[in-house]
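Before any comments, here is the structure.
Chain identifiers are assigned alphabetically (A, B, ...) following the order of the sequence lines, protein sequences preceding nucleic acid strands; residue numbering begins at 1 within each chain.
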Amino acid sequence: MKVRVPHRWDVSTTEAKAIQEQLRSQVSQKKFRGKVRHVAGVDVSVKNNRSIAAVVVLRFADLEIVDVARAELPVKFPYVPGYLSFREIPVILAAMERLVASPDLFLIDGQGIAHPRRVGLASHLGVLLDKPTIGCAKSRFIGTHEEPDAKAGCYTDLFDRDELIGAVLRMRTNVKPLYISVGHKIDLPTALDIVLDCCAGYRLPEPTRLAHQAAGGTLRM
DNA sequence: GCGACAG
DNA sequence: ATCTTGTCGC
């Protein structure tokens, strides 16, 4: 897929913060109304100071793989909480350009609006691609919440002060929950429905789970 | 000032 | 994220 040239990536955290403040107003939380045929999972692995991004596209109906794209680049930005997108998006975009299929929606390994400035990795990527995205993080970044019930499918709200910024969703019974948040062009209830529909019995939804394997070089198919 | 802190 | 095998529990 084609990717629009956005802004610079070799910036300081101060400049990155300014870019986030500017992107913030472009993030949409409007309900996604469209048919989901293909869902993509996105993940990045880092090894020997090199980043490898993987995008795995699945048919939403049966979660079968229809396309896989990868890209590798030297790491150019350190991991700084709050600025993960500046470290991971460049290599993700490189992989996107090699994608043949055109996914209707993306599940991202990281936060969406559950971020200090409401522009986590999933939201930032969504705005750049102008596509619906959902943040599927494995741990909490910001916000407070009650512990969801132990059963698969149960969830609690994630708040920042009095603002609802996401949900803590149990994908599998008695297994640590995921932190789901709106990325872009979708609302939280719809995001939760889609993530649950992408569950194949593991802690991670299938798109992200396979992307993790593809980025780590252990995807079997 | 202190602790927390996506991947 | 990454370093890493077996092991405990549902």
Quick test of your reading: applying salt bridge (charged side-chain N to carboxylate O under 4.0 Å, His left out), list the pairs with at least one residue in residues 89-117 of chain A, sequence neighbours left out, ordered by first then second residue. D109(A)-K138(A)
Neighbours of DNA chain B within residues 153-178 of chain A, by heavy-atom distance under 4.0 Å: none
Validate the cation-pi geometry between R140(A) and Y179(A): distance from NZ or CZ to the six-membered ring centre under 6.0 Å, angle to the ring axis within 45°. no
I89(A) CD1 - dG7(B) C1' separation (whole Å): 13 Å
Can you list everything that forms a salt bridge (charged side-chain N to carboxylate O under 4.0 Å, His left out) with E72(A)? Sequence neighbours excluded, please. R50(A)
H145(A) NE2 to dA4(B) P, straight-line distance once rounded to whole Å: 16 Å
Dot-bracket for DNA chain B, 5' to 3', Watson-Crick and G-U pairs with both distances under 3.5 Å, [ ] for crossing pairs, | for partner on another strand, reads .......
Run the salt bridge (charged side-chain N to carboxylate O under 4.0 Å, His left out) test against D197(A) and tell me which residues pass, sequence neighbours left out. none
Is any side-chain heavy atom of L178(A) closer than 4.5 Å to one of P205(A)? yes
Expressed in angstrom and rounded to an integer, what is the separation of F86(A) atom CZ from dA1(C) atom P? 21 Å
Rounded to whole Å, the CG-C1' distance (D43(A) to dA1(C)) equals 9 Å
Is the backbone N or O of F77(A) less than 3.5 Å from a side-chain atom of R87(A), with the two atoms forming a donor-acceptor pair by type? yes
Atom CD1 of I108(A) and atom OG of S181(A): how far apart are they, to the nearest 0.5 Å? 10.5 Å
Stems for DNA chain C (at least 3 consecutive Watson-Crick or G-U pairs, under 3.5 Å) come to none
Does OH in Y155(A) sit with more than 12 non-hydrogen atoms of other residues, nucleotides or ligands closer than 6.0 Å? no
I need the full list of side-chain hydrogen bond (donor to acceptor under 3.5 Å, both in side chains) pairs touching residues 128-137 of chain A, with sequence neighbours left out, sorted by first then second residue. D130(A)-K185(A)
Candidates dA6(B), dA4(B), dG7(B) - which lies nearest the side chain of R140(A): dA4(B)
Identify whether any heavy atom of G135(A) sits under 4.0 Å from a base atom; if not, whether one sits that close to sugar-phosphate; answer base, sugar-phosphate or nothing. nothing
Ring stacking, Y79(A) with base of dG7(B), under 5.5 Å and under 30°? yes
Listing request: all side-chain hydrogen bond (donor to acceptor under 3.5 Å, both in side chains) pairs with a residue in residues 28-40 of chain A, at least two apart in sequence or in separate chains. K31(A)-T190(A)
Send over the distance from R50(A) CZ to dT2(C) P, rounded to a whole Å. 15 Å
Nucleotide nearest H212(A) when distance is taken to its side chain, options dA1(C), dA4(B), dA6(B): dA1(C)
Could you tell me how far apart N49(A) (CG) and dA1(C) (C1') are, to the nearest whole angstrom? 12 Å
Using only side-chain N and O atoms of K47(A), determine if any of them is under 4.0 Å from OP1 or OP2 of dT2(C). no
By salt bridge (charged side-chain N to carboxylate O under 4.0 Å, His left out), which residues pair with R59(A), not counting sequence neighbours? D62(A)
With a 4.5 Å cut-off on side-chain heavy-atom distances among I, L, V, M, F, W and Y, is there a chain of contacts connecting L158(A) to I113(A)? no
Between Q111(A) and V182(A) (side chain of the first, backbone of the second, donor and acceptor by atom type, cut-off under 3.5 Å), is there such a pair? no
Tell me, which of residues 120-129 of chain A have any heavy atom that sits under 4.0 Å from an atom in DNA chain B? G120(A), L121(A)
Whole-Å distance separating the CZ atom of F77(A) from the C1' atom of dA1(C): 16 Å
What's the separation between atom CE in M96(A) and atom CD1 in I89(A), rounded to the nearest 0.5 Å? 9.5 Å
By salt bridge (charged side-chain N to carboxylate O under 4.0 Å, His left out) - contacts of E163(A) (at least two apart): R118(A)
Flag side-chain contact, heavy atom, 4.5 Å: V55(A) against V68(A): no
Pairwise side-chain contact, F141(A) with P81(A), heavy-atom cut-off 4.5 Å (strictly under): yes
Checking all strands, does Y83(A) fall into the base, sugar-phosphate, or nothing category for heavy-atom contacts under 4.0 angstrom? base
Check the distance between dG7(B)'s P and L84(A)'s CG and give it to me in whole angstrom. 8 Å
Enumerate the residues from residues 182-204 of chain A whose closest heavy atom to DNA chain B is under 4.0 Å, giving them by residue number; use none for an empty result. none
